[in-house]
Amino acid sequence: VVTNIARVEEPCQWSVASFAPLPDHFRVEVTVRELRGDPKRAAGIVFGQPFDPRAIPSSYGAMVQANGDWELFELSGVLGWKALSASAFGHPAPELSVGFNVANRLTVDVHRTPADATFLFYLNGKFVGVGDGLFGTTSRGTNEQVRLLLHAPGMSVAFSNFRVQAIPD
């Protein structure tokens, strides 16, 4: 269980694995169970380079909210937060278990080429979205991470069944 205890409005990211670097084709998955917090705030996974305020881009991730929304995103120190694919906000995704104390399995398949990457996002085993980003093999860092994300102070989330694995291209 991870709790965001920040006193100011800022996300909490906790690094759970480091790679030098991640494979060109990989899957990252985790089960997320939000225990408390604002149902319009998200929890999920972030992967890529350690956050650098000068990097374009820095990381990518996937998150869910207790109200049923989801998002696949890009995070850059220079450009900020950018949605790559998302649910229709305010309309719970049928693939997602809604509310607190319910488990949702987040899976992202990443396929990198030298120039860019494609991200396939699954919720509870069902495909929900695709996104593209500048996460190609030529721009990857020598130290890449996978981090857990709690979007807002006061959130408490149980993460389980965390896994990163190479997959076929």
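Positions are given from 1, in the same order as the sequence printed here.
Here the closest heavy-atom approach between residue G133 and residue D116 is recorded as O-CB, 3.1 Å. The two residues M155 and H151 come nearest to each other via the heavy atoms SD-N, 3.5 Å. Contact record, G129 with S85: CA-OG, 3.7 Å, taken as the closest heavy-atom pair. Across R41 and A152, no two heavy atoms sit closer than the pair CG-CB, 3.7 Å. The minimum heavy-atom distance linking A117 with R112 is given by the pair CB-CG, 3.8 Å. In terms of heavy atoms, F100 sits closest to G37 at CZ-O, 3.0 Å.
Of the possible donor and acceptor atoms, none in the side chain of E95 sits under 3.5 Å from a partner among the backbone N and O of K126. No donor-acceptor pair closer than 3.5 Å links the side chain of R33 to the backbone N or O of S160. Counting only distance, with no hydrogens or angles, the side chain of N124 and the backbone of R105 share a donor-acceptor pair below 3.5 Å. Looking only at distances, no side-chain donor or acceptor of Q165 sits under 3.5 Å from a matching main-chain atom of R27. Between the side chain of N67 and the main chain of D69, a donor-acceptor pair closer than 3.5 Å is present.
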Next on the checklist: Using the rule given for side-chain contact (heavy atoms from CB on, under 4.5 Å), can you reason through I45 versus L148, listing the C-alpha separation, both sets of side-chain angles and the distance that settles it, and then say yes or no?
Outcome noted: CA-CA 5 Å; I45 48 178; L148 303 177; 4.2 Å; yes
Item to check | Chi angles and distances behind the side-chain contact (heavy atoms from CB on, under 4.5 Å) call for V128, S87 | outcome: CA-CA 8 Å; V128 294; S87 60; over 6 Å; no
Next on the checklist: side-chain contact (heavy atoms from CB on, under 4.5 Å) for S59 and R147? Distances and angles first, verdict last.
Outcome noted: CA-CA 10 Å; S59 303; R147 303 181 297 275; 2.7 Å; yes
Item to check | Full working for side-chain contact (heavy atoms from CB on, under 4.5 Å) between L106 and F159 | outcome: CA-CA 11 Å; L106 283 68; F159 293 96; over 6 Å; no
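Note: R36 CZ to T3 OG1 = 5.0 Å, rounded to the nearest 0.5 Å. L123 CG to W70 CH2: the interatomic distance, rounded to the nearest 0.5 Å, is 7.0 Å. Rounding to the nearest 0.5 angstrom, the gap separating the CG atom in L150 from the CD atom in E34 is 8.0 Å. Atoms CG and CG, on L35 and N101 in that order, are 5.5 Å from each other to the nearest 0.5 Å.
In the hydrophobic clustering of this structure, V98 does not group with M63; members are Ile, Leu, Val, Met, Phe, Trp, Tyr whose side-chain heavy atoms approach within less than 4.5 Å, directly or through other members. V164 is connected to V2 through a chain of hydrophobic side-chain contacts under 4.5 Å among Ile, Leu, Val, Met, Phe, Trp and Tyr, so both are in one cluster. The hydrophobic cluster containing L22 also contains F162, counting ILVMFWY residues as joined when their side-chain heavy atoms lie under 4.5 angstrom apart, directly or transitively. Y122 and V32 are not part of a single hydrophobic cluster, where members link through side-chain heavy atoms under 4.5 Å apart.
Relative ring orientation between H25 and H111 is described as tilted, the plane-to-plane angle lying within the 30° to 60° band.
With respect to Y60, the ring pair (Phe, Tyr, Trp, His ring centres under 6.0 Å) criterion is satisfied by exactly one of F73, F26, F121, F119: F119. Tested against L120 for a side-chain contact (heavy atoms from CB on, under 4.5 Å), the candidates T107, V108, V130 yield a single pass: V130.
With a 4.5 Å cut-off on side-chain heavy atoms, L84 and D132 do not count as touching.
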